[in-house]
Asker: 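I have a structure here, written as structure tokens, and I will follow up with some questions on it.
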Amino acid sequence: FADDIVPIARFRETIYMMGSKSIERYYVGSTGTNPLISVQSGTAQRGLIERGCVDSNENALYWIGDDKILYRTNAYEPQPVTTPSVANKFASYNFTGARVRCLKVDSQNFVLVLTSSASWCYSEATNLWFELAYKADEEIYLGYDVTYGYKKNLIQSKIDGKILELDLDTFTDNGQTTIRERITAPI
């Protein structure tokens with residue numbers, strides 16, 4: 001591996017050695033002393049920006065590349081999913097300590113991009129992006145990290161570290177009223 005490995009990710013039957021400048025794909029072989037066999041033409045010249053910026057669901061592996069674009073792969077070639085307008089926003093963000101998290105809500109897959117200055121969500125079903133905020137004054141989203149456990153989507157609060165449940169029938173964020181606003185082009 002020609003690059004410094006940041007993390008190792010697994011998706012379906014493939015192991016992804018993710019470096020800061022490139023990503024190499026391997027599969028587990030059944031013979032020989034080295035159990036990992038490199039996939040021919042399996043190197044993507046697109047690295048991972050930060051260790052926590054990779055996650056997967058049943059459909060795809062997602063990561064933020066070294067160019068601050070969200071990519072996905074469900075086979076071999078990375079595909080950008082960041083729109084030009086979201087890419088312009090991402091270009092100004094510091095991704096140190098950022099996270100990419102996949103979660104399922106009401107049978108729909110979402111990908112969260114959590115940074116220190118903004119939080120974005122990508123809908124796999126609609127290919128649309130939206131920004132997440134907290135409270136009426138639109139502070140950065142409350143979630144520091146997200147996981148699924150105990151048959152619930154759980155969120156760790158940035159404010160006090162509390163574990164909160166993401167529930168579609170609750171209209172508050174840790175006691176603060178949730179505001180849902182959609183900004184569209186003029187009709």
Side-chain angles (χ1 to χ4, degrees), residues 1-83 86-87 89-91 93-105 107-116 118-125 127 129 132 141 143-156 158 163 166:
F1 193 75
D3 199 358
D4 293 331
I5 295 175
V6 182
I8 297 172
R10 182 187 64 79
F11 178 68
R12 295 187 178 149
E13 303 300 320
T14 305
I15 310 249
Y16 293 80
M17 303 286 188
M18 305 187 91
S20 56
K21 296 181 183 129
S22 65
I23 296 171
E24 292 185 23
R25 294 186 317 273
Y26 293 83
Y27 65 94
V28 178
S30 58
T31 61
T33 57
N34 184 359
L36 295 180
I37 298 170
S38 178
V39 174
Q40 284 205 340
S41 302
T43 301
Q45 299 304 318
R46 181 59 57 215
L48 179 72
I49 196 162
E50 177 73 20
R51 176 179 206 81
C53 287
V54 59
D55 201 5
S56 65
N57 59 27
E58 69 272 10
N59 298 325
L61 176 75
Y62 288 89
W63 73 93
I64 298 287
D66 54 355
D67 58 352
K68 298 185 177 182
I69 300 288
L70 181 70
Y71 289 91
R72 77 171 158 214
T73 185
N74 56 12
Y76 297 108
E77 292 303 314
Q79 302 165 335
V81 295
T82 309
T83 62
V86 173
K89 291 278 195 179
F90 280 16
Y93 297 155
N94 179 353
F95 279 87
T96 302
R99 289 171 172 72
V100 168
R101 295 295 181 257
C102 295
L103 84 148
K104 184 175 277 197
V105 178
S107 300
Q108 292 186 54
N109 288 321
F110 295 94
V111 181
L112 298 177
V113 178
L114 307 167
T115 74
S116 60
S119 298
W120 285 83
C121 188
Y122 169 73
S123 168
E124 219 177 56
N127 289 322
W129 285 87
L132 300 170
Y141 181 60
Y144 172 72
D145 208 348
V146 178
T147 192
Y148 183 79
Y150 309 103
K151 298 181 182 180
K152 299 175 183 179
N153 286 308
L154 303 173
I155 300 170
Q156 181 185 7
K158 281 184 184 177
I163 304 298
L166 179 63

Asker: Can you check whether L61's main-chain N or O pairs, donor with acceptor, with T73's side chain at less than 3.5 Å?
Answerer: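 Here the side-chain-to-backbone pair does not exist.
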
Asker: Under the salt bridge (charged side-chain N to carboxylate O under 4.0 Å, His left out) rule, collect the residues that match up with R72, sequence neighbours excluded.
Answerer: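 R72 satisfies salt bridge (charged side-chain N to carboxylate O under 4.0 Å, His left out) with no other residue.
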
Asker: Can you tell me if CZ on R12 sees more than 12 non-hydrogen neighbours from other groups inside 6.0 Å?
Answerer: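 Check passes, neighbour count above 12.
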
Asker: Mind checking side chain to side chain contact (heavy atoms under 4.5 Å, CB included) for A91 and listing every partner two or more places apart, or none if nothing turns up?
Answerer: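 Listed in chain order: nothing, the list is empty.
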
Asker: State, to 0.1 Å, how close T82 and L70 come at their nearest heavy-atom pair, and which atoms those are.
Answerer: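 Nearest pair, atom of T82 first, then L70: OG1-N, 2.7 Å.
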
Asker: Under the ring-ring contact (aromatic ring centres under 6.0 Å, His included) rule, collect the residues that match up with F95, sequence neighbours excluded.
Answerer: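 Result, ring-ring contact (aromatic ring centres under 6.0 Å, His included) vs F95: F90.
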
Asker: Determine the minimum heavy-atom distance between A118 and Y93, stating which atoms define it.
Answerer: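 The answer is CB-OH, 3.3 Å.
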
Asker: E58: what forms a salt bridge (charged side-chain N to carboxylate O under 4.0 Å, His left out) with it, not counting sequence neighbours?
Answerer: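 So E58 forms a salt bridge (charged side-chain N to carboxylate O under 4.0 Å, His left out) with K104.
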
Asker: Please list, chain by chain and in numerical order, all residues satisfying side-chain hydrogen bond (donor to acceptor under 3.5 Å, both in side chains) with W129, sequence neighbours excluded.
Answerer: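 If we apply the side-chain hydrogen bond (donor to acceptor under 3.5 Å, both in side chains) test to W129, skipping adjacent residues, there are no hits.
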
Asker: Which atom pair, heavy atoms only, marks the closest approach of P78 to Y71?
Answerer: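 Answer, listing the atom of P78 first, then Y71: CB-CD2, 3.9 Å.
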
Asker: Taking the side chain as every heavy atom from C-beta outward, state whether N127 and V81 have any atom pair closer than 4.5 Å.
Answerer: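 SC-SC contact between N127 and V81 ruled out.
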
Asker: Who are the side-chain hydrogen bond (donor to acceptor under 3.5 Å, both in side chains) partners of E124, not counting sequence neighbours?
Answerer: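 Counting only residues at least two positions away or on another chain, E124 forms a side-chain hydrogen bond (donor to acceptor under 3.5 Å, both in side chains) with N57, N59, Y62, N109.
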
Asker: Can you name the nearest heavy-atom pair linking P80 to I69, along with the distance?
Answerer: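 Shortest heavy-atom contact: CB-CG2, 3.8 Å.
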
Asker: Who passes side-chain hydrogen bond (donor to acceptor under 3.5 Å, both in side chains) against S107, sequence neighbours left out?
Answerer: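 Checked S107 against side-chain hydrogen bond (donor to acceptor under 3.5 Å, both in side chains); zero matches.
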
Asker: Looking only at non-hydrogen atoms, find the nearest pair between R10 and S56 and report the distance.
Answerer: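 Scanning both residues, the minimum pair turns out to be O-OG, 4.2 Å.
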
Asker: Decide yes or no on side chain to side chain contact (heavy atoms under 4.5 Å, CB included) for V105 and F110, but give the supporting numbers first.
Answerer: CA-CA 7 Å; V105 178; F110 295 94; 3.9 Å; yes

Asker: So how far is it from R101 CZ to L112 CG, rounded to the nearest 0.5 Å?
Answerer: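 Spacing of CZ (R101) from CG (L112) equals 9.5 Å.
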
Asker: Let me have the donor-acceptor pairs involving side chains of residues 48-55, under 3.5 Å, with sequence neighbours excluded, atom names and distances please.
Answerer:
from: E50; atom 1: OE2; to: G97; atom 2: N; distance (Å): 3.3
from: R51; atom 1: NH1; to: V6; atom 2: O; distance (Å): 2.4
from: D55; atom 1: OD2; to: C102; atom 2: N; distance (Å): 2.9

